[in-house]
Amino acid sequence: MFALPSHHRRTLVVASHISLAGFLYGLDTGSIGPITVMPQFATSIGDLSSTQQGIYVSSILLAAAASSLTSGHISDLISRRYGILTGALLSLLGTVLSAASPSFPSLIVARLVSGAGFGQCIAVATVYLVELAPQSIRGVAACMVQLYVVLGITAGYFISFGAQGIEGSLAWRTPFIVQAAFAAVLAGGIFFAPSSPRWLLRKGRREEAVQVLRRYRGSEEKVVKELAEMEGRLEIVGEGQEQEQKQEGFMTMFQRRYIKRTMLGLFLMSFQQLTGIDVVLYYAPIIFQQAGISSTSATFLASGVSGIVMLVATIPAQIWIDRWGRRLPLVYGGAAMAACLIVIGSLYARFGVIEDNVVRLQSSAAQWVVIVLTYLFVANFSWSWAVVGKIYSVEIIPTNIRAKVASLELLANWSVNFGVTFSAPVFLRSSPSGPYFLYGFSTLLAVVVCYFMPETKGKSLEEIESEFEKSDSAVPVPIGMIATPT
């Protein structure tokens, strides 16, 4: 990092702070499953049925889905920066309430508040970083959100692992206290971050946009070139919207010139969750118990190892995402993930049994294969779909509707995640192989679509927009076929 030009370092410092939004979500993802199986939690709140566990864990996703729908309008209105601040404050309130909750109903309310904050933060953070970063490190900057999610997941697992030895309810309250502390840090640091230059330009604040570009581009030539591209696109968009008798709000993204990009982004963000990744992350203790790891401490430790695997696999993507491109990681990573899940499903179909409402593998060899394949699945998700899907789905959307489309994409992502996560405890305990076949073949379908996507690496946002405009004006073709493979 220190060998980078100063304007790149400044961009990555801002990205590091903004990405705490991802760290907060990761802390929750890594800790919530272990929290619900702590004996201290059962003593304080009571034993949860599979349905109650599903409601508690997934309720945060329902709130996140609702808040992400409004996040685009909020960030367009008050700026990307203050949109993130709004989410950080809600996250702080929700985590404080969780840490202080005396009962199951109050935990649900607290979790809904936290979810509203997480949905707002994450929806706006990626849009902000894509718009702020220069094209040469845009992928690295936007990828940092996912790196911090993984760091949070890993930290959440091990915080829970360490906290289980604390007597009383402080054991399960500790992870929420840590989350509250980081939410406060995120909120406080927002005041030192710059506004998005593209948002400023759209609001008619040209001089402020120029000042931000000068600080984060490194040369006057780059500033002039990018400013001309941004202003050029704003003029074209304005003319096009006048011709189409401009429709405000969410209807704009479904106009003929935008609908292919909107639908492709929605597809990618929905199928990111249909890979089943959050089932593995939220319910890792259950998955490893079914695979033969019996003690609570051992399942916590195995869950922590999956966090380490995610972290190690994410680092190469963080470094080389702008060299690898976008399309091939989704294809190769998705194919490897699908293979892992289908093989696991086949092993459960052959050796899985249900005894006393508990799924077990009868073969010790199969147990070890399932554990290894679970880690391989997590690793392949981490360097591919975890990173690239979110970046690509934001890059392809024009500036004038980017925040609104991103909010709808996050709504789709959180909603599918809610359905998958809510049903997972019952699904995992009632069907040995079903979940793995479902998510494996869903991932395979997504790989086929991604094979036909156009590449965006090394191009400015305005260049990407121009290429899609040309494609949209050509003869209509099915979604996913809007460009020839590169």
Side-chain angles (χ1 to χ4, degrees), residues 11-29 60-61 64-65 67-92 94 114-133 137-153 179 182-199 212 216 265 269 272 314 318 321 386-395 397 399 402-411 413-414 417 461:
T11 302
L12 294 179
V13 167
V14 173
S16 297
H17 184 79
I18 297 300
S19 296
L20 285 175
F23 188 75
L24 280 173
Y25 176 61
L27 279 175
D28 181 83
T29 301
I60 197 169
L61 305 173
S67 72
S68 66
L69 186 61
T70 62
S71 64
H73 178 72
I74 291 172
S75 68
D76 279 344
L77 185 66
I78 65 175
S79 83
R80 316 301 195 218
R81 195 164 56 124
Y82 292 127
I84 296 170
L85 175 63
T86 303
L89 292 175
L90 284 172
S91 300
L92 175 60
S114 295
F118 292 166
Q120 173 72 22
C121 273
I122 293 177
V124 182
T126 303
V127 172
Y128 172 83
L129 293 176
V130 163
E131 292 185 350
L132 176 69
I137 60 166
R138 188 175 64 234
V140 172
C143 174
M144 202 170 285
V145 175
Q146 179 59 29
L147 177 64
Y148 272 52
V149 169
V150 174
L151 285 169
I153 290 170
Q179 290 176 41
F182 278 99
V185 172
L186 173 61
I190 290 296
F191 296 100
F192 301 97
S195 288
S196 160
R198 287 170 170 81
W199 180 85
V212 174
Y216 292 92
M269 293 301 284
Q272 185 191 56
T314 301
Q318 178 70 42
I321 182 64
V387 174
V388 181
K390 291 178 182 176
I391 297 174
Y392 188 90
S393 63
V394 171
E395 284 179 329
I397 306 301
T399 299
R402 182 173 293 121
K404 290 185 175 65
V405 176
S407 69
L408 190 62
E409 290 171 349
L410 262 294
L411 172 65
N413 184 274
W414 292 113
N417 196 356
L461 297 178

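Worth knowing before you read on, the calculation uses all heavy atoms, side chains too, and leaves out hydrogens, waters and symmetry mates.
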Can you confirm whether Leu147 sits close enough to Ser19 that some side-chain heavy atom of one is under 4.5 Å from a side-chain heavy atom of the other? no

Closest non-hydrogen atom pair, Leu20 against Tyr148: N-CD2, 3.8 Å

Show the nearest heavy-atom pair for residues Ala141 and Thr11, with the distance to one decimal. CB-CG2, 4.5 Å

Euclidean distance, Arg402 CZ relative to Thr126 OG1, rounded to 0.5 Å: 11.5 Å

If I compare all heavy atoms of Ser195 with all of Val212, which pair ends up nearest, and what's the gap? O-CG1, 3.7 Å

Enter the distance from Met144:CE to Ile137:CD1 here, rounded to the nearest 0.5 Å. 8.0 Å

Can you name the residues that form a side-chain contact (heavy atoms from CB on, under 4.5 Å) with Ala123, not counting sequence neighbours? Ser68, Ser71, Leu410

My understanding is that only residues two or more places apart in sequence, or in another chain, count here; which of them pass side-chain contact (heavy atoms from CB on, under 4.5 Å) with Ser393? Met269, Glu409

With sequence neighbours excluded, tell me which residues meet side-chain hydrogen bond (donor to acceptor under 3.5 Å, both in side chains) with Arg138. Glu395

Shortest non-hydrogen pair, Gln179 vs Asp28, comes out as NE2-CA, 3.7 Å

Apply side-chain hydrogen bond (donor to acceptor under 3.5 Å, both in side chains) to Asn413 and list each qualifying residue two or more places apart in sequence or on a separate chain. Gln272, Gln273

My understanding is that only residues two or more places apart in sequence, or in another chain, count here; which of them pass ring pair (Phe, Tyr, Trp, His ring centres under 6.0 Å) with Phe182? Phe23

Could you pull out the closest heavy-atom pair between Val140 and Ile321, with the gap in Å? N-CG2, 3.6 Å

To the nearest 0.5 Å, tell me how far Leu89 CG sits from Leu186 CG. 9.0 Å

Run the side-chain contact (heavy atoms from CB on, under 4.5 Å) test on Thr29 and Phe118 for me, step by step, so that the C-alpha distance in whole Å, both residues' side-chain angles and the decisive distance to 0.1 Å come before the verdict. CA-CA 11 Å; Thr29 301; Phe118 292 166; over 6 Å; no

Residues Trp414 and Ala64: closest non-hydrogen pair is CD2-CB, 3.3 Å

Checking side-chain contact (heavy atoms from CB on, under 4.5 Å) for the pair Ile78/Thr86: CA distance, chi angles, key distance, verdict? CA-CA 10 Å; Ile78 65 175; Thr86 303; 3.8 Å; yes

Going through the distances and angles, do Ile190 and Ile18 end up as a side-chain contact (heavy atoms from CB on, under 4.5 Å)? CA-CA 8 Å; Ile190 290 296; Ile18 297 300; 3.7 Å; yes

Ile74 CD1 to Ser79 OG distance, which is reported to the nearest 0.5 Å: 11.5 Å

When you compare the side chain of Tyr25 with that of Ser114, does any pair of heavy atoms fall below 4.5 Å? no

Applying side-chain contact (heavy atoms from CB on, under 4.5 Å), name anything that partners Phe191, two or more places apart in sequence or on another chain. Tyr82, Leu85

Taking the side chain from Gln120 and the backbone from Ala88, do they hold a donor-acceptor pair closer than 3.5 Å? no

Heavy atoms, side chains only, cut-off 4.5 Å: are Thr70 and Ser407 in contact? no

Could you give all pairs that pass the salt bridge (charged side-chain N to carboxylate O under 4.0 Å, His left out) test and reach residues 79-90, with sequence neighbours left out? Asp76-Arg80, Arg80-Glu131

Please evaluate residues Val145 and Lys390 with respect to the criterion side-chain contact (heavy atoms from CB on, under 4.5 Å), reporting the C-alpha separation (whole Å), side-chain torsions for both, the decisive distance (0.1 Å), and the verdict. CA-CA 10 Å; Val145 175; Lys390 291 178 182 176; 5.6 Å; no

